[in-house]
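The model shown is predicted, which means the values in this text are computed figures rather than measured ones. Residues: numbered from 1 along the sequence shown. Indexing begins at 1, ligand by ligand and atom by atom, following the structure's order.
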Amino acid sequence: MAILIKGGTVVTAEGERRADVLIEGERIAAVGPALDTPAGARVIDAGGAYVMPGGIDPHTHMELPFMGTTTSEDFFTGTSAAVAGGTTTIIDFAIPNPGQSLLEAYRSWRGWAEKAVADYTFHVAVTWWSEKVGEEMGVLCRDHGVNSFKHFMAYKGAIMADDEVLVNSFRRAAELGALCTVHAENGELVVQLQRQIYESGVTGPEGHPQSRPPMVEGEAAHRATRLAEALNVPVYIVHNSCIEALDAITRARLAGQIVFGEVLAQHLVIDDSVYYQRDWNAAAHYVMSPPFRSKEHQAALWRGLQAGMLHTTATDHCCFCTEQKRMGFGDFRKIPNGTGGVEDRMAVLWTHGVRTGKLSPSEFVAATSTNAARIFNLYPHKGTISAGADADVVIWDPDGTRIISKDTHHQNIDFNIYEGMSCTGIPAVTLSRGRVVWQNGQLDVVRGAGRYVDRPCFAPFWASQNTRNVSRKPVKVER
Ligand code: URP
Ligand code: ZN
Ligand code: ZN
């Protein structure tokens, strides 16, 4: 049955216009003023609402085995919560253990994700190096639609990529036309600062931000962008949380590098005071890396987003329940790192970004959907409202309100980092590939209806572009 979304204001990254949207099957068939209603079509009245591309969250961790436990949110509950919040595509991470085949890890994650209710795709992490890893990167690009590889510069002794891994992987990605993504924190500094702080007697969650100050992130962000410059490869830095990381991106972009930055909704609105509350459980729920920062960093992140130095908003949705967080009672180093928010990202960003005048509705669409689609090569199937695109659509009620709470959210976690936050601007209806999956505050999802989305590699054009780097032709003097 066709669906006609009537009377709304269509918002894309390019602008706003009054238009109807006709959906046939899984795709958008037409966008235009006063479209005819096909016989038998269901009509959804979008008067007074915005009609926008479904959100794309480029950074989630469903069912992630991490720090001795596994995230409480699986692909079914996580994508259900996502669509309740207007997000219709997630980019999750397949993360091999050091020594493990990338393809094997990728296949595990593909299997786990089969229960998803909305579309998904994967970055694959490079956690170690060998010739086989390089070959498997090629297979993932060629046969499996993986065009981005993740590098954790932190988590020493587990999944950290040292400089040797980074350089080899960046080089290989440049050959393949793949995008390198990076968690920028200096893993060695973290370990040494953690030890120092723990041995000084600070054992609670407040030790977490103290062992990961902004320069720890800044060093790694600068190193990553410099390595990318040397090797002529674009780089995408995930979850930038501080001025120092933003500086690295800004410097590189002003020098002409292809560098992209992601910011998490929570880093924009929550500050580091959360670690200093008396309630251990509550403080532990904010333990994530990089940590929450002071308000001056938050203000800089908003400016970075407004100025085009940060491009995407994500959640790093990585849920651990209280019982799991308590694995680190007595030693903050053992608190599983991660927070939730896949359901809340868009409402938080609308409330604190659009309603405050920091972002226009079009900029909101760019930051929550289109930019991720473009950067990770999902566009124009995703990230826009136009004929031929997947019918991943959110009908956004700018006046609708919601008070965020763990008691009413759909996320599988017993805590919400935004507890009590009042949001104005919420998804009234979400469609995933032409199916209404959220309406009137109710989910109507089908386990397994989500599909894996291929993301073809980019042309490896940049290898020839830059002559200022270590890849330029060696100069030999004939004597
Ligand atoms: O604390 C976090 N961010 N946990 C998830 C893993 C990561 O670093 O992205
Ligand atoms: Zn990370
Ligand atoms: Zn993450």
Side-chain angles (χ1 to χ4, degrees), residues 57-73 78 82 90-97 105 109 120-127 148-161 166 180-187 190-191 194 205 207-209 211-212 216-218 220-221 224 235-242 245 260-268 270 272 274-275 283-293 312-321 324-325 327-328 332-342 345 372 376 411 413 415 417:
D57 188 335
H59 188 157
T60 66
H61 299 284
M62 310 301 174
E63 294 186 59
L64 172 68
F66 190 52
M67 294 185 73
T69 183
T70 298
T71 53
S72 55
E73 191 86 280
I90 58 167
I91 314 185
D92 208 275
F93 295 81
I95 308 179
N97 293 317
W109 260 267
Y120 54 93
T121 176
F122 294 108
H123 312 282
V124 175
V126 177
T127 55
S148 51
F149 292 96
K150 174 70 180 288
H151 307 81
F152 293 91
M153 296 172 81
Y155 307 124
K156 187 179 175 208
I159 52 176
M160 184 175 97
L166 291 172
C180 294
T181 78
V182 161
H183 167 134
E185 283 184 307
N186 183 309
V190 169
V191 167
Q194 281 181 326
H208 181 72
S211 62
R212 306 177 104 103
V216 164
E217 188 178 341
V235 68
Y236 173 100
I237 304 192
V238 306
H239 52 39
N240 293 280
S241 74
C242 64
F260 304 107
E262 170 190 285
V263 63
L264 306 184
Q266 59 266 44
H267 279 140
L268 289 166
I270 296 172
D272 55 357
V274 290
Y275 297 114
H285 268 291
Y286 291 92
V287 168
M288 66 161 298
S289 300
F292 294 95
R293 306 293 191 191
T312 59
T313 53
T315 59
D316 196 0
H317 187 78
C318 186
C319 292
F320 298 105
C321 289
Q324 295 174 290
K325 289 281 183 184
M327 289 165 62
F332 67 86
R333 297 171 294 184
K334 298 190 178 134
I335 302 171
N337 285 203
T339 57
V342 76
R345 174 183 67 128
F376 294 108
Q411 302 171 142
I413 178 173
F415 190 87
I417 52 171

Protein N/O/S atoms closer than 2.8 Å to the Zn ion (ligand 2): His183 ND1, His239 NE2
Between His61 and Phe152, how do the two ring planes meet: parallel, tilted or perpendicular, split at 30° and 60°? tilted
Counting only N and O atoms by type, is there a donor-acceptor contact under 3.5 Å from the side chain of Glu73 to the main-chain atoms of Glu63? no
Between Lys150 and Ile95, is there a donor-acceptor pair closer than 3.5 Å when you use the side chain of the first and the backbone of the second? no
Checking Phe376 against His123 for the ring pair (Phe, Tyr, Trp, His ring centres under 6.0 Å) test, could you report, in this order, the C-alpha distance in whole Å, the side-chain angles of both residues, the deciding distance, and whether it holds? CA-CA 10 Å; Phe376 294 108; His123 312 282; 5.0 Å; yes
How close do Asn240 and Ala245 get, counting heavy atoms only, and between which atoms? OD1-CB, 3.4 Å
Looking at His61, which of its N, O or S atoms is the nearest one to the Zn ion (ligand 3)? NE2
N/O pairs closer than 3.5 Å, ligand 1 and protein:
unit_1	atom_1	unit_2	atom_2	d
ligand 1	1 (O)	Ser289	N	2.8
ligand 1	3 (N)	Ser289	O	2.9
ligand 1	3 (N)	Asp316	OD2	2.5
ligand 1	4 (N)	Asn337	O	3.1
ligand 1	8 (O)	Tyr155	OH	2.6
ligand 1	8 (O)	His183	ND1	3.0
ligand 1	9 (O)	His59	NE2	3.4
ligand 1	9 (O)	His61	NE2	3.2
ligand 1	9 (O)	Asp316	OD1	3.2
ligand 1	9 (O)	Asp316	OD2	3.3

With a 4.0 Å cut-off on N to O distance, would you call Glu217 and Arg293 a salt bridge? yes
With no hydrogens and no angle check, just 3.5 Å: does a side-chain donor-acceptor pair link His59 and Glu262? yes
Counting N and O atoms only, with roles assigned by atom type, does the side chain of Thr339 sit under 3.5 Å from a partner on the main chain of Met288, one being a donor and the other an acceptor? no
Test item: Thr71 side-chain N/O and Leu64 main-chain N/O as donor-acceptor pair under 3.5 Å: yes
Can a donor-acceptor pair be found, under 3.5 Å and without considering hydrogens, that links the side chain of Asp272 to the backbone of Phe292? no
